[in-house]
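Notes to accompany the following structure.
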Amino acid sequence: MKCNFHTHSDFCDGHASVAAMAQAAYQFGFASLGFSSHAPLPFFAEWNMTTQRLPDYLASIKRLADDYRGRMEILCGLEIDFIEHCWGVDQPLFRQLQLDYRLLAIHYIYHPDLPPEQYVAVDMADDQLDAYIARCYGGKPRRLVEKYYQAVTAGVEAGGFDILAHLDLIKKNNRGGRLFDEGSAWYRRAAMTAVEALAGSGIIVEINTGGLARGKTDTVYPAPWILAELQQRDVQICINADAHRPEHLTLHRAAGLEAAAAAGYRELEIPGPSGRRSIPLA
Ligand SMILES: [Zn+2]
Ligand SMILES: [Zn+2]
């Protein structure tokens, strides 16, 4: 069953309208499509939707859901940043919304030395991340990585989220082991704190193929060894494209399916208008 629950549009940093994304999904034969624009933040971020656009976003997706009723299920979600001491799904802004699901994402890390409303951004270009490592972590990438996984763990433990996005996003700027060794014992220990927090949390972990689509990574998020650890702890998964363009919706789905099967998964868990359900891995 083709589906995707991590879909951007021109309400945030996507490159197509919600209608164009839905039309492409329908033509690809999707049974279900969930939108997940970058939710508003309390400071300016170029890829996030503004609070002013939120009502239009919700209404547009509701209209699309009505248009496609009986042909393709359309869900309304948000990709919401969790930032320690700052922001999360428990904000009054989000609590009042009728969402089908909430994606948890760590794109920003709190650092006490930074001025108010400034955070370490982990989803940036190499040189920008390097500048943060120099400024905030004494030039030691390991300290950033450990803080990143602590933030993922805190987001999971905070609760209220349904799906964890790109669990090991921190590897995005580490192609070829440029900054740190992902096979080292300390890296595995750091990532395992998040894995252990996910066990029993009820949060679905996405296999995210968006890094592949944008040429940023050679493998899906999360890494195969992390997926295997999640599988051993009965953490449920789904496969998401993190699509910013219509053609991304199906581009690397096969890689996602392959990674799930290699980790021992036989089923996916997906959100729906009336709760979650399991579907066969296919
Ligand atoms: Zn994201
Ligand atoms: Zn995204």
Side-chain angles (χ1 to χ4, degrees), residues 1-9 12-38 61 64-65 68 71-79 100-101 103-105 123 162-169 171-172 175 203-228 230-231 235-273 276-282:
M1 174 182 150
K2 286 186 195 160
C3 51
N4 179 53
F5 304 97
H6 195 154
T7 313
H8 295 282
S9 69
C12 54
D13 62 344
H15 299 279
S17 65
V18 288
M21 295 301 268
Q23 192 187 10
Y26 184 67
Q27 283 167 350
F28 287 139
F30 276 41
S32 187
L33 178 69
F35 285 98
S36 60
S37 267
H38 290 291
I61 292 168
L64 272 180
Y68 281 90
R71 296 186 290 152
M72 178 175 73
E73 196 173 82
I74 292 195
L75 304 182
C76 186
L78 281 172
E79 181 175 7
D100 293 310
Y101 64 96
L103 276 181
L104 160 61
D123 198 1
D162 303 286
I163 302 174
L164 172 60
H166 40 61
L167 190 156
D168 54 352
L169 179 66
K171 77 181 177 192
K172 177 178 164 179
R175 224 169 186 179
I203 294 180
I204 301 166
V205 172
E206 72 170 12
I207 291 182
N208 179 311
T209 61
L212 284 173
R214 289 188 286 280
K216 284 287 183 185
T217 59
D218 301 318
T219 54
V220 298
Y221 305 106
W225 75 266
I226 296 178
L227 274 173
L230 292 168
Q231 197 275 341
V235 176
Q236 292 170 309
I237 58 161
C238 64
I239 298 173
N240 282 336
D242 202 346
H244 287 69
R245 301 175 184 279
E247 60 269 28
H248 288 173
L249 283 166
T250 53
L251 191 58
H252 290 288
R253 187 162 179 85
L257 289 166
E258 213 171 280
Y265 282 98
R266 298 290 169 261
E267 285 183 338
L268 302 174
E269 183 81 355
I270 61 169
R276 292 156 55 150
R277 63 187 192 271
S278 297
I279 59 169
L281 187 65

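This chain uses plain numbering: 1 for the first residue, then up along the sequence.
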If you measure from the Lys or Arg side-chain nitrogens to the Asp or Glu carboxylate oxygens, is any gap between Asp162 and Arg276 under 4.0 Å? no

Could you tell me which non-hydrogen atom of Met72 sits nearest to which non-hydrogen atom of Ala22, and how far apart they are? CE-O, 3.4 Å

To the nearest 0.5 Å, tell me how far Lys171 NZ sits from Thr217 OG1. 6.0 Å

Are Asp168 and Tyr221 side-chain neighbours, meaning at least one heavy-atom pair lies under 4.5 Å? yes

Would you say His244's side chain and Asp242's backbone share a donor-acceptor pair under 3.5 angstrom? yes

Heavy-atom pair with the smallest gap, counting every atom of Tyr101 and Ser36: OH-CB, 4.1 Å

Looking at Tyr265 and Leu227, what are the two nearest heavy atoms and their distance? CE1-O, 3.8 Å

For Ile163 and Cys238, the nearest pair of non-hydrogen atoms, with its separation, is CG2-SG, 4.1 Å

Note, His248 side chain near His6 side chain (heavy atom, < 4.5 Å): no

Side chains of Arg71 and Phe30: closer than 4.5 Å at any heavy-atom pair? no

Please check: side-chain N/O of Glu267 versus main-chain N/O of Ser278, any donor-acceptor pairing under 3.5 Å? no

Quick check: closest heavy atoms across Ser37 and His8, and the distance to 0.1 Å? CA-ND1, 4.0 Å

At what distance, to the nearest 0.5 angstrom, does CG of Leu249 lie from CD of Gln27? 11.0 Å

To the nearest 0.5 Å, what is the distance between CD (Glu258) and CD1 (Ile207)? 10.5 Å

A side-chain contact here means heavy atoms from C-beta on lying under 4.5 Å apart; do Leu230 and Leu167 qualify? yes

State the CD1-CD1 distance between Ile270 and Ile237, to the nearest 0.5 angstrom. 12.5 Å

4.5 Å side-chain heavy-atom contact, Leu251 and Thr209: no

Taking all non-hydrogen atoms of both residues into account, name the closest pair between Ser9 and Ser17 and its distance. CB-C, 4.2 Å

Nearest 0.5 Å, what's the CD1-CG distance between Ile204 and Leu104? 12.5 Å

Stepwise side-chain contact (heavy atoms from CB on, under 4.5 Å) test for His252 and Val220: CA-CA 9 Å; His252 290 288; Val220 298; over 6 Å; no

Quick one: are Pro246 and Phe28 in side-chain contact, heavy atoms under 4.5 Å? no

Without swapping roles, check the side chain of Thr7 against the backbone of Gly34 for a donor-acceptor pair under 3.5 Å. yes

Given 3.5 Å as the limit, does a donor-acceptor pair link the side chain of Asn4 with the main chain of Ala241, or not? yes

Would you call Cys3 and Ile279 a side-chain contact if the rule is heavy atoms closer than 4.5 Å? yes

Out of curiosity, Ile239 CD1 to Lys2 NZ, how far, rounded to the nearest 0.5 Å? 13.0 Å

Any heavy-atom pair between the side chains of Leu64 and Leu33 that's under 4.5 Å? no

Is it the case that atom CD in Glu247 sees more than 12 heavy atoms from other parts of the structure closer than 6.0 Å? yes

Donor-acceptor pair, Asn240 side chain versus Phe5 backbone, under 3.5 Å? yes

Residues Ser32, Glu73; criterion side-chain hydrogen bond (donor to acceptor under 3.5 Å, both in side chains); working and verdict: CA-CA 4 Å; Ser32 187; Glu73 196 173 82; 3.1 Å; yes

